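Some notes on the structure that comes next.
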Amino acid sequence: MIKESFVPARQTKRTGIHADLVIVGGGLAGSCAAITAAREGIKVVLVNDRPVLGGNASSEVRLWILGATSHMGNNNRWAREGGVVDEILVENTYRNPEGNTVIFDTVLLDKVMAEKNITLLLNTTVYEVEKSSNTEITSVTGFCSQNSTTYALSAPLFCDASGDGIVGFLSGAAFRMGAESREEFGEKFAPEKEYGELLGHSLYFYTKDTGRPVNFVPPSYALKDITEIPRYRQFKAGEDGCRLWWIEYGGRLDTVHDTETIKWELWKVVYGVWNYIKNSGGFPEADNLTLEWVGTIPGKRESRRFEGDYILRQQDVIGQAEHKDAIAYGGWALDLHPSDGVYSDKPGCMQYHAKGVYQIPFRSIYSKNISNLFLAGRIISASHVAFASTRVMATCGTVGQAAGMAAVLCARGQLKPRDMLDPRLMKQLQTALQRTGHYIPRTCSADADNLAAGALITATSELSLAELPFNGPWIPLDYAAAQMIPVNGAVPGVEIQLNAEEDTWVCIELRSSRKPFNHTPDTLLETQRIPLHKGVNDIKLSFRAYTEQPQYVFYACSGTSRYPYAVARCGLPAWYLCSTGLIKPCPITASRRPPAISA
Ligand SMILES: Cc1cc2nc3c(=O)[nH]c(=O)nc-3n(C[C@H](O)[C@H](O)[C@H](O)COP(=O)(O)OP(=O)(O)OC[C@H]3O[C@@H](n4cnc5c(N)ncnc54)[C@H](O)[C@@H]3O)c2cc1C
């Protein structure tokens with residue numbers, strides 16, 4: 001039995017942990033940073049204020065991890081993130097093909113717990129920072145409500161991956177919130193005048209079919225009048241989870257301190273929407289549906305962005321700017337949302353995709369005035385417009401991996417983040433990252449130990465590819481379809497088959513990418529308009545064009561607006577591979593536009 005007499009005051013249990021690196025925030029960014037650093041042998045404390053890891057990807061919020069491929073919604077479909085992000089996604093695909101969010105929690109927890117150098121503190125909220133000088137943090141303090149323990153966590157290096165940037169904020173690091181004016185960085189997507197509006201929070205819900213009719217009595221706080229949502233006609237029975245990303249609110253509020261207010265408004269909307277689906281009479285197909293889950297912690301899109309030595313901006317993303325200190329990359333669209341969120345009559349997002357992936361520089365992932373603070377996740381040093389692309393989780397994860405690896409090199413050399421800008425150290429960092437399968441666009445590996453770079457590849461036999469055999473089905477040309485082919489020099493002729501429902505015309509365009517490393521057919525080289533007769537047409541195409549360097553060209557094929565229904569299949573002449581010596585061509589690219597997905 002424990003029995004204590006009255007004392008004037010008590011303190012919770014206190015524990016101190018010293019590590020090489022303290023990471024605050026266990027979203028994808030913080031988790032990837034911790035795994036990377038721990039694998040290289042340094043001691044890491046990873047602190048997360050919630051019961052599981054993953055942040056917005058956890059079962060508490062339930063967002064899917066997206067990145068540069070933009071869910072096949074742009075031309076970066078070969079740009080899937082490598083390194084730790086890839087490991088997590090591959091393991092999740094193996095264990096969890098159904099996309100069960102609870103299983104995803106276990107995948108991520110397993111990955112972190114496998115690292116003996118990580119001390120994981122869950123349910124522990126960091127709320128205080130101590131500094132030895134204006135510019136240097138010595139420790140952070142967190143409290144775990146589950147074991148009533150206060151942790152003092154000291155280290156020479158810290159990484160803030162907490163989303164709202166609690167460590168950066170408390171330590172006094174320079175930050176921004178809300179959009180920059182167009183004038184500040186000359187960003188065309190920025191508003192004319194700077195303003196405080198932000199991307200809002202969202203809450204998701206899931207439904208399930210119970211096999212028998214289920215009633216729904218809405219809570220008193222549910223939205224009464226669904227017409228307050230201008231786009232309410234877009235709601236469908238059975239549509240749930242990430243497809244309702246546009247149930248968004250709070251873009252005109254303080255997205256740090258008003259989060260609880262925003263959550264109540266989102267609950268109001270979610271239950272109002274469900275009431276509309278269940279009780280308006282317009283959705284008989286929802287009779288057997290019940291709410292299985294409603295979020296209790298809103299997913300936060302935007303709050304503080306901290307200033308590093310460089311602020312990534314729209315031009316870096318769209319122009320795919322080259323940075324000597326590139327350490328990661330992004331490829332998601334500039335994905336901006338109306339500040340009024342679900343109450344706006346504008347579309348839920350405005351997305352602009354660059355023509356390919358872009359580099360993220362190291363100068364954007366440490367604080368410019370707190371000398372031992374790395375930044376990872378959505379808080380990195382980017383303008384509001386550039387953040388609209390860097391914020392997706394696979395991108396946050398690759399930035400986390402870069403921060404983790406940089407911390408390792410700093411710990412080994414007793415350096416500060418900014419010291420890594422030394423060209424020799426930067427090369428070391430890039431090489432160390434590339435060794436872990438982490439891709440940095442247009443940055444060649446300088447790894448002397450990379451035997452593959454000097455390897456001679458021979459084959460015991462050769463195959464001259466005569467054609468890409470037709471494996472069906474025919475592709476309707478209601479949208480243009482294209483065949484990509486790698487070319488170095490003269491563009492080879494090809495034979496294709498087109499099947500027309502009636503006599504018509506087809507337009508064939510030969511296209512390439514203005515930047516040879518992209519996969520976007522943004523440059524028109526030649527056009528041919530070809531008559532088709534009803535039935536299957538064998539068409540021989542030849543072109544005068546040639547490429548200055550090895551790159552892809554696209555044979556793009558579209559129906560005419562009057563007779564759109566021609567269908568295509570492609571075959572390559574035998575001499576194609578011999579003339580270029582390049583690799584197997586890819587299959588026909590998508591002919592249908594994927595549905596709009598935002599984040
Ligand atoms: C509704 C919505 C839809 C989106 N859709 C997608 C999508 O489909 N795919 C996608 O990839 N991205 C999407 N995004 C963007 C993406 O989810 C975020 O930008 C991303 O999660 C940011 O990663 P992070 O690691 O910086 O932060 P988070 O994922 O928020 O992780 C931060 C972690 O830090 C913890 N933390 C916070 N404060 C403290 C503290 N004081 N002490 C300890 N721990 C703390 C949090 O609990 C959390 O676990 C969406 C965002 C929202 C809100």
Side-chain angles (χ1 to χ4, degrees), residues 22-34 45-58 60-71 73 81 85 89 105 108 121-129 140-144 151 153 159-170 198-204 241-251 255-256 259 262 266 295 297-306 330 332 335 337 341-342 348-349 375-380 382 387-400 403 597-599:
V22 171
I23 300 172
V24 178
L28 211 64
S31 299
C32 289
V45 176
L46 175 62
V47 201
N48 197 40
D49 64 355
R50 300 214 298 250
V52 289
L53 294 168
N56 281 355
S58 70
E60 307 151 303
V61 186
R62 305 195 175 192
L63 310 184
W64 47 26
I65 296 169
L66 296 175
T69 63
S70 203
H71 229 49
E81 289 71 13
V85 173
L89 293 181
D105 288 346
L108 198 52
L121 301 177
L122 293 174
N123 294 313
T124 303
T125 305
V126 167
Y127 62 91
E128 203 171 69
V129 165
V140 297
T141 309
F143 177 68
C144 175
Y151 294 92
L153 308 169
C159 176
D160 191 338
S162 67
D164 282 347
I166 186 72
V167 184
F169 180 76
L170 293 175
L198 301 140
L199 273 62
H201 301 359
S202 291
L203 274 181
Y204 289 166
C242 294
R243 297 200 187 287
L244 293 174
W245 54 267
W246 57 279
I247 297 190
E248 174 171 352
Y249 181 72
T255 50
V256 175
T259 288
I262 297 170
L266 286 167
I297 298 171
K300 282 196 185 195
R301 286 188 179 80
E302 180 177 12
S303 54
R304 302 179 183 119
R305 292 170 284 110
F306 286 81
W332 186 258
D335 184 356
H337 297 194
V342 71
C349 68
L375 309 166
R378 66 180 166 86
I379 65 168
I380 63 168
F387 147 88
S389 170
T390 59
R391 66 195 176 88
V392 285
M393 286 183 274
T395 305
C396 291
T398 62
V399 166
I597 289 175
S598 187

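Predicted model, so just to flag it, every value in this text is computed and none were measured. First listed ligand is number 1; within each ligand, the first listed atom is number 1.
Contacts of Tyr204 with ligand 1, taken as heavy-atom pairs under 4.0 Å, involve the side chain alone.
In this structure, the side chain of Thr398 engages the main chain of Thr395 through a donor-acceptor pair within 3.5 Å.
For ligand 1, the polar-atom distance check finds no N/O of Gly30 at less than 3.5 Å from any of the ligand's N/O atoms. Residue Thr125 places no N or O, backbone or side chain, under 3.5 Å from any N or O of ligand 1. Backbone and side-chain nitrogen or oxygen atoms of Trp64 are examined, and one is located within less than 3.5 angstrom of a nitrogen or oxygen of ligand 1. The shortest N or O to N or O distance between Arg378 and ligand 1 is below 3.5 Å. Backbone and side-chain nitrogen or oxygen atoms of Leu66 are examined, and one is located within less than 3.5 angstrom of a nitrogen or oxygen of ligand 1.
Atom numbering of ligand 1 starts at 1 in the shown order; those under 4.0 Å from a heavy atom of Gly377 are 26 (O). Applying the 4.0 Å criterion to heavy atoms of Ala29 picks out, from ligand 1, the atoms 25 (O). Shown in contact with Leu63 at under 4.0 Å from a heavy atom are these atoms of ligand 1, numbered in order with element: 2 (C), 3 (C), 4 (C), 5 (N), 14 (N), 17 (O), 50 (C), 51 (C), 52 (C). Listed by atom number, the atoms of ligand 1 under 4.0 Å from Lys300 heavy atoms are 53 (C). Atoms of ligand 1 found under 4.0 Å from any heavy atom of Gly26 (numbered from 1 in listed order, with element): 33 (C), 34 (O). Close approach of ligand 1 to Gly299 is summarised as follows: ligand atoms under 4.0 Å from at least one heavy atom of the residue are 53 (C). The atoms of ligand 1 that sit less than 4.0 Å from any heavy atom of Thr124 are 42 (N), 43 (C). Below 4.0 Å from some heavy atom of Ser202 lie the following atoms of ligand 1, by number and element: 1 (C).
Counting only non-hydrogen atoms, the option in Ile166, Leu244, Asp49, Leu170 that gets closest to atom 44 (N) of ligand 1 is Asp49. Compare Cys396, Gly142, Ala161 by their heavy atoms: the one nearest to atom 23 (O) of ligand 1 is in Cys396.
Proximity of His201 to ligand 1 is not established, as no heavy-atom distance is less than 4.0 Å. In this structure, Trp245 does not count as a contact residue of ligand 1, since none of its heavy atoms falls inside 4.0 Å of the ligand. Remark: distances from the non-hydrogen atoms of Trp332 to ligand 1 are all 4.0 Å or more. For Asp164, the heavy-atom gap to ligand 1 stays at 4.0 angstrom or more. Using a 4.0 Å cutoff on heavy atoms, Ile379 does not count as a contact of ligand 1.
When every heavy atom of Ile65 is checked against every heavy atom of Ala57, the shortest pair comes out as CG1-CB, 3.9 Å. Here the shortest heavy-atom pairing between Met393 and Trp64 reads CE-O, 3.6 Å. Scanning all heavy atoms of the two residues, the minimum distance from Trp246 to Val342 falls at O-CB, 3.6 Å. Heavy atoms only, all atoms of each residue included: Ser303 and Arg378 are closest at OG-NH1, 2.9 Å. Nearest heavy atom pair, residue Val140 against residue Val24, reads CG2-CG2, 4.3 Å. Contact detail for Cys242 and Leu63: the closest heavy-atom pair is SG-CA, 3.9 Å.
Between Ile247 and Leu266 the shortest side-chain heavy-atom distance falls below 4.5 Å. Counting only heavy atoms from C-beta outward, the side chains of Phe169 and Asp164 never approach each other to under 4.5 Å. Residues Arg301 and Thr255 fail the side-chain proximity criterion, which asks for heavy atoms closer than 4.5 Å. Side-chain contact check for Leu199 versus Glu248: some heavy-atom pair is nearer than 4.5 Å.
Shown here are the side-chain contact (heavy atoms from CB on, under 4.5 Å) partners of Ala29, two or more places apart in sequence or in another chain: Ala161, Ala376, Cys396.
Of the listed residues (Val47, Val22, Leu121), just one forms a side chain to side chain contact (heavy atoms under 4.5 Å, CB included) with Val126, and that residue is Val47.
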